[in-house]
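Here is how names work: the chains are called A, B, and so on, in the same order as the sequence lines, proteins then strands, and each is numbered from 1. Side chains are part of it too, since the values below use all heavy atoms of this structure and drop only hydrogens, waters and symmetry mates.
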Protein chains: 2
Amino acid sequence: MHLLIAEDDKLHRAFLEKVARNTLADLNVLTMAEDGAEAIQEFDAAEYDSVILDLQMPRMTGVEVAKTIWAKKPSTKILFWSNYTEEAYIRGITKIVPSAAVYGYILKSAPAEQLKLALQGVFVAEQCVIDREVRGVQQRAGDRLLGLSELEYEALVDLCLGLTDKAMAARRNVSLRGAQSRLQHLYQKLGLDKGDIPVGEWGPTYNSRTRAISLALSQGILNADALRKEEENLRVWMGRQQK
Amino acid sequence: MHLLIAEDDKLHRAFLEKVARNTLADLNVLTMAEDGAEAIQEFDAAEYDSVILDLQMPRMTGVEVAKTIWAKKPSTKILFWSNYTEEAYIRGITKIVPSAAVYGYILKSAPAEQLKLALQGVFVAEQCVIDREVRGVQQRAGDRLLGLSELEYEALVDLCLGLTDKAMAARRNVSLRGAQSRLQHLYQKLGLDKGDIPVGEWGPTYNSRTRAISLALSQGILNADALRKEEENLRVWMGRQQK
DNA sequence: CCGAGGTTTGCGGGAACCCGCAAAAACACT
DNA sequence: AGTGTTTTTGCGGGTTCCCGCAAACCTCGG
């Protein structure tokens with residue numbers, strides 16, 4: 001078994017290494033990487049069947065690393081190991097996992113026991129192991145009522161990137177009114193119906209457009225990492241446009 | 001010497017404890033807390049002269065903890081120990097540190113050697129020890145040209161909370177035009193002058209209002225934590241208003 | 001084939017926002 | 001007091017945004 005670990009925090013890295021060595025019997029190769037880019041590089045340099053990824057690393061998110069790894073070799077078993085249950089990450093992962101792939105998602109706050117189980121489950125038994133809390137978020141996102149639809153999510157992304165309505169329309173190939181309509185639905189899902197925003201003597205307190213961003217952030221639907229990545233996508237699109 | 005450590009991550013907590021015991025000779029009491037609220041509670045329960053705080057903890061940020069601790073006992077020596085150099089945190093700290101207080105700021109990524117030095121420096125020699133990188137950010141924030149002034153920062157906060165112009169005006173006790181003027185200056189500092197935003201066939205690409213949030217986030221001037229805290233402040237103000 | 005649910009589009013009005021100009025006011029520093 | 005910087009304010013016009021209404025459209029399952 002050939003295992004690659006990517007984790008930027010020194011202590012966590014050492015801890016992972018120790019636990020992995022203790023729990024995995026047929027561990028032949030174990031390599032450590034300190035950030036996402038390095039992980040990719042290492043993955044290309046040798047043969048690995050199993051990977052442990054921290055989300056939230058400098059230079060390249062765990063989600064991005066997983067994406068490129070699975071693109072090269074979909075059979076790779078990946079265990080995500082993260083601090084948070086941010087919806088942004090979870091949405092990102094479920095969107096890129098190949099149908100046949102084996103993966104797991106476990107929180108850093110979990111006791112060492114659970115980590116061992118997850119290691120065995122994913123890398124040896126080839127099961128998908130997903131933390132209870134994470135599972136909860138995942139379900140909510142899949143639910144059409146509570147979570148955002150893919151379209152609404154796109155609108156949210158564009159909104160958070162600071163695009164105008166017209167720019168969104170152009171990017172998503174819909175009419176101006178189409179883009180606005182999507183925003184409307186987004187506002188509704190986030191609880192920004194006209195009646196719901198508090199009113200003072202100064203008039204309505206919130207601007208739907210900006211308030212939506214605020215809510216999305218505080219609910220973890222989006223985070224700074226995800227934004228950086230989307231910013232990159234946007235740049236790509238803009239590059240294609242001006243040709 | 002009576003030391004209180006607040007840190008939510010298990011591994012880091014253990015590491016801190018070990019290093020502290022090894023480096024600090026006259027260590028009489030050492031207590032651990034797993035989040036901000038607990039830290040305050042513990043601080044009230046016994047006598048401490050020294051504290052190590054993680055920023056980014058559940059329930060209460062390290063910055064908030066420091067604020068209440070210094071309010072009770074300004075002579076307390078505090079060492080901040082964090083993952084990032086986010087401007088939001090640094091700005092928060094420099095705003096609340098009492099003039100006479102001794103404190104330090106060190107990154108988790110620093111080698112153990114530096115941590116030892118910081119412990120000695122802050123708790124024994126009573127010097128202020130601030131990491132090089134952090135220092136850099138601190139300076140930039142103080143600079144009138146690159147960083148945001150206090151007023152502009154306030155405007156940014158209100159903007160990110162999703163307030164309307166009128167609501168900002170009411171909250172900050174200025175005219176409507178006054179609030180807008182502050183926004184204007186903010187846009188300028190962030191590089192959103194009319195000429196600077198790219199234009200496609202669809203017209204200007206960015207909406208200044210939302211783009212400002214996007215930039216602030218990606219530059220770390222503000223983060224989700226800081227926002228949550230400001231959200232609280234806003235709620236307080238709104239409560240006072242409706243009386 | 002039809003109907004239900006979701007999505008897109010046009011139209012139109014009212015509100016909010018962006019911003020240039022210019023004068024007053026506040027503040028710091030000498 | 002005097003000068004310079006920063007901040008506030010009013011005015012006004014052009015733009016963008018928000019959103020209700022209604023019609024077209026698409027897709028999926030009966």
task = Identify, with sequence neighbours excluded, every residue that meets side chain to side chain contact (heavy atoms under 4.5 Å, CB included) alongside B:Y48.
result = B:H2, B:L4, B:V29, B:T31, B:E42, B:F43, B:A46
query = Can B:R91 and B:E150 be counted as an ion pair, charged N to O under 4.0 angstrom?
reply = yes
task = Take atom NZ of A:K189 and atom C1' of C:dT7, then tell me their distance rounded to the nearest Å.
result = 12 Å
message = Just to be sure I understand the geometry, which residues of residues 196-213 of chain A put a non-hydrogen atom under 4.0 Å away from DNA chain D?
response = A:R209
query = Does the pair B:D158/B:R182 count as a salt bridge with the N-to-O cut at 4.0 Å?
reply = no
key: Qualifying residues under side chain to side chain contact (heavy atoms under 4.5 Å, CB included), relative to A:A88, sequence neighbours excluded   = A:N223, A:A226
message = Contact list please: residues 154-166 of chain A against DNA chain D, heavy atoms, distance less than 4.0 Å, in numerical order.
response = A:T164, A:D165, A:K166
key: N-O pairing of A:E64 and A:K229 below 4.0 Å   = no
Length of the CG-P vector between B:L190 and C:dC19, whole Å = 13 Å
query = Just how large is the angle between the end axes of the helix from C:dC1-D:dG30 to C:dT30-D:dA1, five pairs per end, to 10 degrees?
reply = 50°
task = Could you state the atom-to-atom distance from CE of A:M168 to C1' of D:dC18 in whole Å?
result = 13 Å
ask   = What is the ring orientation for B:F80 with B:Y105, classed by angle as parallel under 30°, tilted 30 to 60°, or perpendicular over 60°?
value = tilted
task = Would you jot down, in residue-number order, the residues of residues 172-187 of chain A having a non-hydrogen atom under 4.0 Å from DNA chain C?
result = A:V174, A:S175, A:R177, A:G178, A:S181, A:R182
